[in-house]
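These notes are about the structure you will find just below.
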Amino acid sequence: MQCLKPEPELTTTNVVTINVGGENFQTTKQTLTQAGPNSLLSQLAETTSDRFVDRDPVYFSLLLSLLRTGALPSKVKDFDLRDLIEESRYYGLESLLTNSLTNPSQLDAFALQKSSILPLNGRDSPSAVATTPFGSLHVSHGSKITSFDWSLTRKSTILTQFPAVDSLLAVSPNTAAAGATDFSGLQILDLQNGSIKQTLNWENATRSGSTVQAIGSSGEFLFTSFESSRRNSNSIMVYDLNTLNPVTEIGHNEIFGADIDSAIPATKLRWVSRYGLVMASGSHSGLSGVSGNIRFWDIRSGNVVFELKEKIDCFSDICVSDNLNAVFKVGVNSGEVFYTDFRSLSSVNDNSNPWICLGDKRKVINGKKEGFGCKIENHGNQVFCSKGGDIELWSEVVMGSAKTSNGSEDQSTKRDFKKNMMGRVKDMGGSRITNLAFGGNKMFVTRKDQQVIEIWQGSARGF
């Protein structure tokens with residue numbers, strides 16, 4: 001005869017009751033510890049004394065749902081975001097709230113639509129936009145930089161020493177690197193106190209001032225493209241992002257005579273994390289048209305690993321996508337979007353054209369530069385390209401890859417990209433787009449002669 005073991009008695013030692021503003025809430029210690037060891041709720045989980053919190057029970061119920069499920073309930077949209085943020089700070093939950101409301105993985109490119117605008121003080125239009133991964137936003141306009149917190153409900157403005165800021169990079173939510181094409185030095189700014197933490201300069205051979213043409217960063221390094229004030233030399237400096245000490249110098253050019261290629265400083269810097277390379281691109285407009293170059297630098301050796309020389313239909317703008325393993329450009333003459341597979345760059349030579357057109361391959365009429373002023377950026381698995389006041393959205397259609405005789409992937413196989421509709425028709429059009437940027441689950445857009453930033457969001461639950 002089988003002997004049955006008695007069932008253990010139900011224990012309630014793991015259940016916690018908290019009185020918030022006169023209303024009792026029951027949860028578990030495990031749920032409360034999701035708030036983190038330094039939070040008020042973790043402390044309440046461990047105490048055996050009276051658990052009373054003199055706060056609004058309605059907002060507490062929202063935050064308790066966040067701890068239980070990792071997401072806010074749909075009814076949160078009926079509440080004031082600023083009040084919810086204040087409550088989350090009281091309990092030590094702001095980081096969890098930030099992740100829930102602005103997680104970059106929540107950006108739905110196909111559902112993006114214009115949700116609101118952020119006005120700027122003064123009469124200057126935005127010249128540069130910088131974002132942090134979870135949605136903090138910095139915007140330069142004239143000599144000013146206006147910063148918005150992750151919730152976009154608080155803003156502050158500082159006055160810089162630059163006549164106009166042309167390059168801007170968010171180092172942290174409260175720190176930015178800023179530079180100008182007509183004022184020497186890269187300035188590291190404390191945006192909270194409105195002060196200059198440090199100024200970085202490039203010592204060129206002629207001892208003249210060094211203006212900033214572009215800024216970029218990786219998780220470890222800060223990259224800055226400098227050009228001498230006399231425009232006879234240029235360089236890319238690499239700094240340690242934490243100490244701001246110089247690490248190395250790459251792409252140093254002293255220009256003699258009519259060496260056009262050397263005379264082109266990098267005006268865009270992007271880190272390609274998949275390969276550990278810095279992409280530096282720049283172009284020049286001359287009598288024979290627009291020419292340029294795209295170089296991928298290994299900062300350890302200081303050598304160029306890949307190079308694309310642009311002469312036929314030079315880029316108006318360029319981006320590189322880690323996710324898509326490809327480089328994209330918008331042609332300054334045609335206005336079309338092109339791509340080249342990153343894996344095929346090793347076979348590129350001066351006489352080859354690696355670019356594959358994604359558009360209609362329109363012919364250039366009367367020498368008009370159809371792509372002038374167009375911007376191209378990537379986010380996730382999508383590529384966004386501005387055309388005047390509109391935005392094109394490109395995504396790859398995965399058809400399966402071909403195999404070579406030895407079983408490896410055939411890199412020469414043409415990939416299929418499709419142009420998609422984005423958001424609502426009424427949101428499209430308007431003045432020419434001057435900046436595209438992504439932060440958190442939002443896209444930020446600025447336009448010519450407008451003193452506002454457009455916020456584009458998907459139809460995700462919540463705010």
Side-chain angles (χ1 to χ4, degrees), residues 102 107 109 112-133 135-160 162-170 173 176-181 189 191 212-216 267-268 270 316-319 330 335 371-379 382-393 422-424 426-458:
T102 66
L107 188 143
L112 283 173
Q113 55 192 34
K114 194 187 304 181
S115 60
S116 60
I117 61 171
L118 299 174
L120 298 172
N121 300 326
R123 299 180 179 180
D124 297 302
S125 301
S127 55
V129 175
T131 61
T132 62
S136 299
L137 173 67
H138 309 306
V139 184
S140 63
H141 49 117
S143 59
K144 300 178 288 295
I145 296 176
T146 296
S147 301
F148 298 84
D149 72 341
W150 67 267
S151 67
L152 306 180
T153 60
R154 293 182 299 168
K155 76 173 183 178
S156 59
T157 300
I158 68 166
L159 186 65
T160 71
F162 299 114
V165 177
D166 300 298
S167 299
L168 189 63
L169 177 79
T181 58
L189 303 172
L191 299 172
V212 172
Q213 304 297 312
I215 316 171
T267 52
K268 193 166 190 177
R270 290 292 184 270
S316 172
D317 196 14
I318 187 167
C319 70
V330 53
F372 179 78
C374 293
K375 300 295 181 181
I376 190 165
E377 293 290 346
N378 68 279
H379 187 280
Q382 278 76 41
V383 175
F384 300 77
C385 180
S386 71
K387 299 288 184 71
D390 292 323
I391 302 173
E392 292 181 355
L393 171 62
M422 186 182 68
R424 301 170 298 193
K426 67 178 183 179
D427 290 332
M428 307 308 288
S431 302
R432 178 170 63 85
I433 292 172
T434 53
N435 287 284
L436 283 174
F438 298 87
N441 58 355
K442 302 177 182 65
M443 178 175 72
F444 302 99
V445 176
T446 66
R447 298 180 186 269
K448 188 178 187 302
D449 299 328
Q450 293 189 6
Q451 293 78 43
V452 299
I453 305 101
E454 295 176 4
I455 310 303
W456 289 62
Q457 265 182 290

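We number each residue from 1, following the sequence as shown. Hydrogens, waters and symmetry mates are skipped; everything else that's a heavy atom, side chains included, is used. All values derive from a computational prediction rather than experimental measurement.
- Rounding to the nearest 0.5 Å places NE2 of H141 at 2.5 Å from OG1 of T146.
- The shortest side-chain heavy-atom distance between V129 and I453 does not fall under the 4.5 Å cut-off.
- In this structure S147 satisfies the side chain to side chain donor-acceptor pair (under 3.5 Å) test together with H138, sequence neighbours excluded.
- Between G429 and D390, the shortest heavy-atom contact is N-OD1, 2.7 Å.
- When the side-chain contact (heavy atoms from CB on, under 4.5 Å) test is applied to S167, the partners found at least two apart in sequence or on another chain are V212, I215.
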After noting the C-alpha distance and the side-chain angles of F148 and I455, does the key distance pass the side-chain contact (heavy atoms from CB on, under 4.5 Å) rule? CA-CA 12 Å; F148 298 84; I455 310 303; over 6 Å; no
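- Considering every non-hydrogen atom in both Q450 and P126, the closest pair reads O-CD, 3.1 Å.
- Taking S140 as the reference, S127, A128, I145, V165, L168 meet the side-chain contact (heavy atoms from CB on, under 4.5 Å) condition, with sequence neighbours excluded.
- Here the shortest heavy-atom pairing between A164 and A180 reads O-CB, 3.2 Å.
- The backbone N or O of P173 lies less than 3.5 Å from no partner atom in the side chain of T132, so there is not a single donor-acceptor pair.
- Considering NZ of K114 and CD of Q457, their distance stands at 14.0 Å, rounded to 0.5 Å.
- Remark: T446 pairs with T434, N435 by the side chain to side chain donor-acceptor pair (under 3.5 Å) rule, at least two apart or across chains.
- Remark: R432 pairs with no residue by the salt bridge (Lys or Arg N to Asp or Glu O under 4.0 Å) rule, at least two apart or across chains.
- Counting all heavy atoms, side chain and backbone alike, T102 lies closest to W150 at CG2-CE3, 3.6 Å.
- Checked by atom type and distance alone, the side chain of Q451 never pairs as donor or acceptor with a backbone atom of L120 at under 3.5 Å.
- Heavy atoms only, all atoms of each residue included: E377 and R270 are closest at OE2-NH2, 3.5 Å.
- With sequence neighbours left out, N378 forms a side-chain contact (heavy atoms from CB on, under 4.5 Å) with C319, S321, V383.
- A distance-only check finds no donor-acceptor pair linking the side chain of S125 to the backbone of K448 [under 3.5 Å].
- The distance from atom CD of E454 to atom CZ of R447, rounded to the nearest 0.5 Å, is 4.0 Å.
- Closest non-hydrogen pair, P119 versus V452, comes out as CA-CG1, 4.0 Å.
- With values rounded to the nearest 0.5 angstrom, L436 atom CG is found 9.5 Å from I376 atom CD1.
- Between the CD1 atom of I433 and the CD1 atom of I391 there is a distance of 4.0 Å, given to the nearest 0.5 Å.
- Under the ring pair (Phe, Tyr, Trp, His ring centres under 6.0 Å) criterion, F162 pairs with F183, sequence neighbours left out.
- Looking at residues two or more places apart in sequence or on another chain, you find a side chain to side chain donor-acceptor pair (under 3.5 Å) between T181 and D166.
- Scanning for side chain to side chain donor-acceptor pair (under 3.5 Å) contacts around D149 gives S151, R154, with sequence neighbours left out.
- Q113 contributes atom CD, which lies 11.0 Å from atom CE of M443 (distance to the nearest 0.5 angstrom).
- Partners of D124 according to the salt bridge (Lys or Arg N to Asp or Glu O under 4.0 Å) rule, which considers only residues two or more places apart in sequence or in another chain, are K144.
- A search for salt bridge (Lys or Arg N to Asp or Glu O under 4.0 Å) contacts involving D317 returns K268, not counting sequence neighbours.
- Remark: F438 engages H379, F384 in a ring pair (Phe, Tyr, Trp, His ring centres under 6.0 Å) (not counting sequence neighbours).
- Panel note: side chain T131, backbone L137; no donor-acceptor pair is recorded below 3.5 Å.
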